[in-house]
Amino acid sequence: MKIFIDTANIEEIKAVKDLGIVKGVTTNPSLIAKEGRKLEEVIKEIVSLIDGPISAEVNEGSIDEMEKQAIALSKIDPNIVIKVPMTLDGIALVSRLAKRKIKTNVTLVFSVPQALMACEAGATYISPFMGRVDDFGESGADLIEDIMTMIVNYGYETEVIAASIRNTAHVKEASLRGADIATIPYKVLMQMVKHPLTDKGLEIFANASKK
Ligand code: E4P
């Protein structure tokens, strides 16, 4: 499973860059707003740091307005992926962008029928939100597995990004249920390396080497 980082914070991206395991970046309007910076400015900086798919979300608007913004964003760099909300207009936009060979990531996916529409429209990626599905009282892990089954049944090329990852258990479930990618917040990435028995083992070996 490929690992993306879910952030618009440049320091976090710089901090994980040297690990060599982060193959892409996803942002959303809330993450951009948290940085208090303009979308285009942040995206340009991210592109200079990570050589992989970088998702930038279009603002809600008419299809023509969103298409105009999508085309402008896609011109920043060939690695730009246009993040499109899961709405009827969003699906129509994905169909238009697919014809132009512009990559898309359909976001706010919470069901198999939504995922099916996005795949049929030619989405490059879809992002089912594990954490928010769990909060809603359903299983984010089951959603990933069901969407993967649907994709395998019909041979779609769309890749699944497990999103709204809140903890390492989500990462584990995303990988066991077959997600192509997990987009992970910095805090959870840092937790993934840790295990109490690893710390204990390090302590035991350090003490042994002193003797
Ligand atoms: C996905 O691309 C979104 O940016 C993100 O994972 C949403 O996560 P949240 O539910 O923690 O806001």
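One-based numbering, in listed order, for ligands and for the atoms of each. Every heavy atom of this structure was used, including side-chain atoms; hydrogens, water molecules and symmetry mates were not.
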Practice task
For side chain to side chain contact (heavy atoms under 4.5 Å, CB included), just list the numbers for Ile54 and Asp77, CA-CA rounded to whole Å, side-chain angles, deciding distance to a tenth of an Å, and then say yes or no.
Solution key: CA-CA 9 Å; Ile54 315 293; Asp77 191 271; over 6 Å; no
Exercise for the section: Check for a donor-acceptor pair, side chain of Thr107 on one end and backbone N or O of Lys83 on the other, with a separation under 3.5 Å. Expected result: no
Problem - Residue pairs passing the salt bridge (charged side-chain N to carboxylate O under 4.0 Å, His left out) test where at least one lies in residues 106-120, sequence neighbours excluded - result: none
Practice task
Could you tell me whether the side chain of Glu67 and the main chain of Arg96 form a donor-acceptor pair under 3.5 Å?
Solution key: no
Completion exercise
Residue shell for ligand 1, any heavy atom closer than 4.0 Å, reads Asp6, Thr26, Asn28, Lys83, Phe129, Arg132, Ala163, Ser164, Arg166
Exercise for the section: Sorted by first residue and then second, give each salt bridge (charged side-chain N to carboxylate O under 4.0 Å, His left out) pair with at least one member in residues 178-191; sequence neighbours left out. Expected result: none
Practice task
Just jot down the side-chain hydrogen bond (donor to acceptor under 3.5 Å, both in side chains) partners of Glu145, sequence neighbours excluded, or say none.
Solution key: Arg177
